[in-house]
Novice: 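Let me give you the structure first, and then I'll get to my questions.
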Amino acid sequence: MKIEGRLKRVRGELRVPSDKSISHRAVILGAVARGKTRVKSWLRSEDTLATLNLFKALGTDIKEEGEELTIEGRNFLFEEPSDVLDAKNSGTTARICMGVLATQPFFSVITGDESLRQRPMLRVVEPLREMGARLDGREMGNKLPVSVRGGDLKGISYFNKRSSAQVKSSLLIAGLRAEGTTEILEPVLSRDHTERMLTFFGASLVAVPEEGGHLIKLRGGQELEGREVFCPADPSSAAFFCALTVLAPAGELLLKEVLVNPTRDGFYRKLREMGADLEYENEREVSGEPVADIRVRSGRKLRGVKVYPEEVPTMIDEIPILAVVMALSEGVSEVRGAKELRVKESDRIRAIVKNLRAMGAKVEELEDGFVIEGVEKLKGTKVETFGDHRIAMAFTVAGLLAEGETLIDNPECVRISYPRFFEDLSSVVEYL
Ligand code: S3P
């Protein structure tokens with residue numbers, strides 16, 4: 001796909017597609033709960049469809065009508081799947097669903113696409129084994145395909161050293177069916193949608209403030225009750241438009257109904273720290289999650305900034321687009337403590353560094369991040385997405401702001417999280 005850097009301004013309003021993390025969890029909790037769950041404004045993308053199809057393969061009745069799902073909860077009584085389960089490109093599907101499979105006495109195998117089959121799984125396989133499930137897979141269980149035979153679980157105390165929400169969610173869901181209490185300690189609170197949604201579905205959890213961390217406790221044997229869940233707009237998708245607006249020559253954009261959960265909005269706080277003109281309006285709570293409309297304006301000069309390791313979980317998926325903003329800000333910016341980016345849908349540190357350098361930015365690669373010296377203007381180039389949706393969208397934004405032409409090698413990969421990205425983009429930009 002060819003992008004020309006002739007951006008004049010950004011304007012209008014946009015309701016970006018619903019949050020991917022919440023859409024996955026609405027299907028998962030709806031399926032394990034008792035009774036009916038209705039999901040409103042569900043994100044229909046390749047990743048979330050992988051979760052939906054996985055639960056269908058376990059015998060769950062799920063009806064889709066437009067953006068609404070009706071799920072007949074199975075109260076943890078699933079059927080043995082007759083074939084291998086496919087998480088496709090979705091780490092969230094693979095890791096959280098392993099927690100569900102670990103509660104089931106039957107045999108199942110879960111796999112994924114070429115990218116997911118290279119990503120580490122031991123972080124969830126090990127604690128699930130400790131809870132009593134039998135899991136095996138390539139590289140001693142670290143790589144998909146992974147087989148699971150579960151049941152008879154017991155609660156464990158687990159230190160989630162990477163502050164991974166996927167790991168935490170997997171163990172909490174398995175913990176619902178375990179004997180005793182499941183305790184998870186993480187150094188920094190990772191996205192807490194599972195805790196919020198478990199509470200919304202009637203479970204009780206205890207959060208204990210800990211010296212240097214965050215502890216969550218869940219008593220086993222609790223049943224969930226089906227609910228009506230509303231999915232707000234995804235802050236990780238809205239981030240591309242927010243960045244484009246703050247960097248555009250002129251304009252103003254209203255991003256509607258965006259999830260502003262404090263475990264997810266670090267990117268927006270960082271932009272404000274850089275000097276961006278951005279505010280939350282009409283703040284409210286929907287299905288247990290904070291939501292706001294975000295008004296963003298262009299025209300301010302942005303300054304370079306540091307991202308510290310403890311801030312990384314609140315903006316982990318936004319770092320590719322934040323790097324583009326950093327490359328066009330005054331002075332030096334730095335991201336540290338983000339080694340996890342190397343095992344996302346692609347090695348995102350490598351992808352950011354390679355593409356930004358090709359666009360003329362000065363970037364130093366670090367094992368756990370990067371240092372960027374801002375430039376006045378980027379130049380168009382051939383962008384390598386590595387099949388990674390967030391790299392494709394971040395560098396489309398960079399291309400719109402660059403001099404000359406930018407070529408995106410695999411634009412279709414945006415289907416993973418944001419199928420109508422290019423259409424939405426066309427609806428808010430004006431060219432010279
Ligand atoms: C997610 C958690 C994060 C994030 C991913 C979605 C989730 O991954 O990067 O896109 O929905 O729980 P980790 O749990 O590996 O940090």
Side-chain angles (χ1 to χ4, degrees), residues 17-29 42-43 45-48 50-51 54 87-100 112 115-116 118-127 142 144 158 160-173 184 186-198 214 216 231-232 234-240 259 261 263-267 289 309-322 335 337-349 351 368 388-391 393-394 413-414 416-418:
S18 291
D19 190 67
K20 184 153 80 69
S21 292
I22 291 181
S23 295
H24 279 297
R25 285 159 173 81
V27 173
I28 299 168
L29 294 199
W42 187 67
L43 167 72
S45 71
E46 282 192 353
D47 267 18
T48 49
T51 294
L54 189 146
K88 306 272 177 85
N89 190 246
S90 174
T92 306
T93 306
R95 297 195 183 112
I96 304 187
C97 292
M98 270 187 220
V100 176
S115 149
L116 191 59
Q118 287 170 38
R119 296 177 63 187
M121 294 294 149
L122 219 46
R123 54 186 63 195
V124 36
V125 164
E126 261 178 351
N142 191 32
L144 297 178
Y158 190 69
N160 183 19
K161 68 173 181 215
R162 298 177 188 87
S163 290
S164 159
Q166 293 171 355
V167 172
K168 175 174 64 178
S169 304
S170 189
L171 304 187
L172 285 176
I173 293 169
I184 301 160
E186 37 190 12
V188 184
L189 176 64
S190 64
R191 63 187 68 193
D192 61 358
H193 311 305
T194 302
E195 294 96 301
R196 286 174 186 256
M197 211 183 280
L198 281 171
H214 192 274
I216 185 101
C231 307
D234 195 328
S236 304
S237 297
F240 301 108
L259 171 77
N261 178 318
T263 62
R264 289 288 299 283
D265 76 341
F267 168 78
E289 290 279 0
E310 62 276 15
E311 297 175 311
V312 168
T314 66
M315 59 179 90
I316 184 77
D317 294 336
E318 292 69 71
I319 289 179
I321 186 63
L322 184 63
V335 173
K339 204 168 162 202
E340 272 295 297
L341 289 179
R342 294 209 179 266
V343 289
K344 292 291 178 190
E345 287 85 327
S346 69
D347 176 345
R348 286 190 176 153
I349 294 181
D368 66 342
D388 184 332
H389 55 134
R390 301 207 193 278
I391 298 298
M393 293 187 272
C413 65
V414 303
I416 297 294
S417 63
Y418 198 159

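Order of appearance sets the numbers: ligands from 1, and atoms from 1 within every ligand. Heads up: numbering here begins at 1 and tracks the sequence.
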Novice: Any ion pair linking R348 and D388 (charged N to carboxylate O, less than 4.0 Å)?
Specialist: yes
Novice: Tell me whether R390 is salt-bridged to E345, with the criterion being a basic N under 4.0 Å from an acidic carboxylate O.
Specialist: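 Salt bridge absent between R390 and E345.
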Novice: Do any nitrogen or oxygen atoms of R390 come within less than 3.5 Å of a nitrogen or oxygen of ligand 1?
Specialist: no
Novice: Are I416 and M393 side-chain neighbours, meaning at least one heavy-atom pair lies under 4.5 Å?
Specialist: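 Counting from C-beta outward, I416 and M393 never come under 4.5 Å.
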Novice: Using heavy atoms and a 4.0 Å limit, tell me yes or no: is H193 in contact with ligand 1?
Specialist: no
Novice: List the closest protein heavy-atom neighbour of atom 7 (C) of ligand 1: residue, atom name, distance to the nearest 0.1 Å.
Specialist: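 I find the closest protein heavy atom is R25 NH2, 3.4 Å.
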Novice: With a 4.5 Å limit on heavy-atom distance, are the side chains of R123 and R95 in contact?
Specialist: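 They are in contact (side-chain heavy atoms under 4.5 Å apart), so the answer is yes.
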Novice: Can you list the atoms of ligand 1 that are under 4.0 Å from a heavy atom of A165?
Specialist: 12 (O), 14 (O)
Novice: What atoms of ligand 1 come closer than 4.0 angstrom to any heavy atom of I316?
Specialist: 9 (O)
Novice: Can you check whether L259 reaches H193 side chain to side chain, under 4.5 Å on heavy atoms?
Specialist: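 Touching, per the 4.5 Å side-chain cut-off.
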Novice: Give the atoms of ligand 1, by number and element, whose distance to some non-hydrogen atom of D317 is under 4.0 Å.
Specialist: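 Under 4.0 Å from D317, ligand 1 has these atoms: 4 (C), 5 (C), 9 (O), 10 (O).
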Novice: Quick one: which ligand 1 atoms are inside 4.0 Å of a heavy atom on S21?
Specialist: 6 (C), 7 (C), 11 (O)
Novice: Are K20 and D317 ion-paired here, with the side-chain N under 4.0 Å from a carboxylate O?
Specialist: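 D317 and K20: not salt-bridged.
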Novice: Please verify whether a non-hydrogen atom of R191 lies at under 4.0 Å from ligand 1.
Specialist: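 Checking ligand 1 against R191, which is what was asked, there is a heavy-atom contact under 4.0 Å.
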Novice: Nearest to atom 1 (C) of ligand 1, what protein heavy atom do you find, and at what distance?
Specialist: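 Checked against all protein heavy atoms, atom 1 (C) of ligand 1 sits closest to Q166 NE2, 3.6 Å.
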Novice: Which residue holds the protein heavy atom closest to atom 8 (O) of ligand 1, what is that atom called, and what is the gap in Å?
Specialist: K344 NZ, 3.0 Å
Novice: Judged by atom type as modelled, is there a donor-acceptor pair below 3.5 Å linking the side chain of S170 to the main-chain atoms of V124?
Specialist: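 Checking the backbone N and O of V124 against the side chain of S170, no donor-acceptor pair under 3.5 Å is found.
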Novice: Which atoms of ligand 1 sit under 4.0 Å from any heavy atom of T92?
Specialist: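 Listed by number with element: 1 (C), 6 (C), 7 (C), 11 (O).
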Novice: Give the atoms of ligand 1, by number and element, whose distance to some non-hydrogen atom of S164 is under 4.0 Å.
Specialist: 13 (P), 14 (O), 15 (O), 16 (O)
Novice: Mind listing the closest non-hydrogen atom pair of I22 and C231 along with its distance?
Specialist: CG2-SG, 4.1 Å
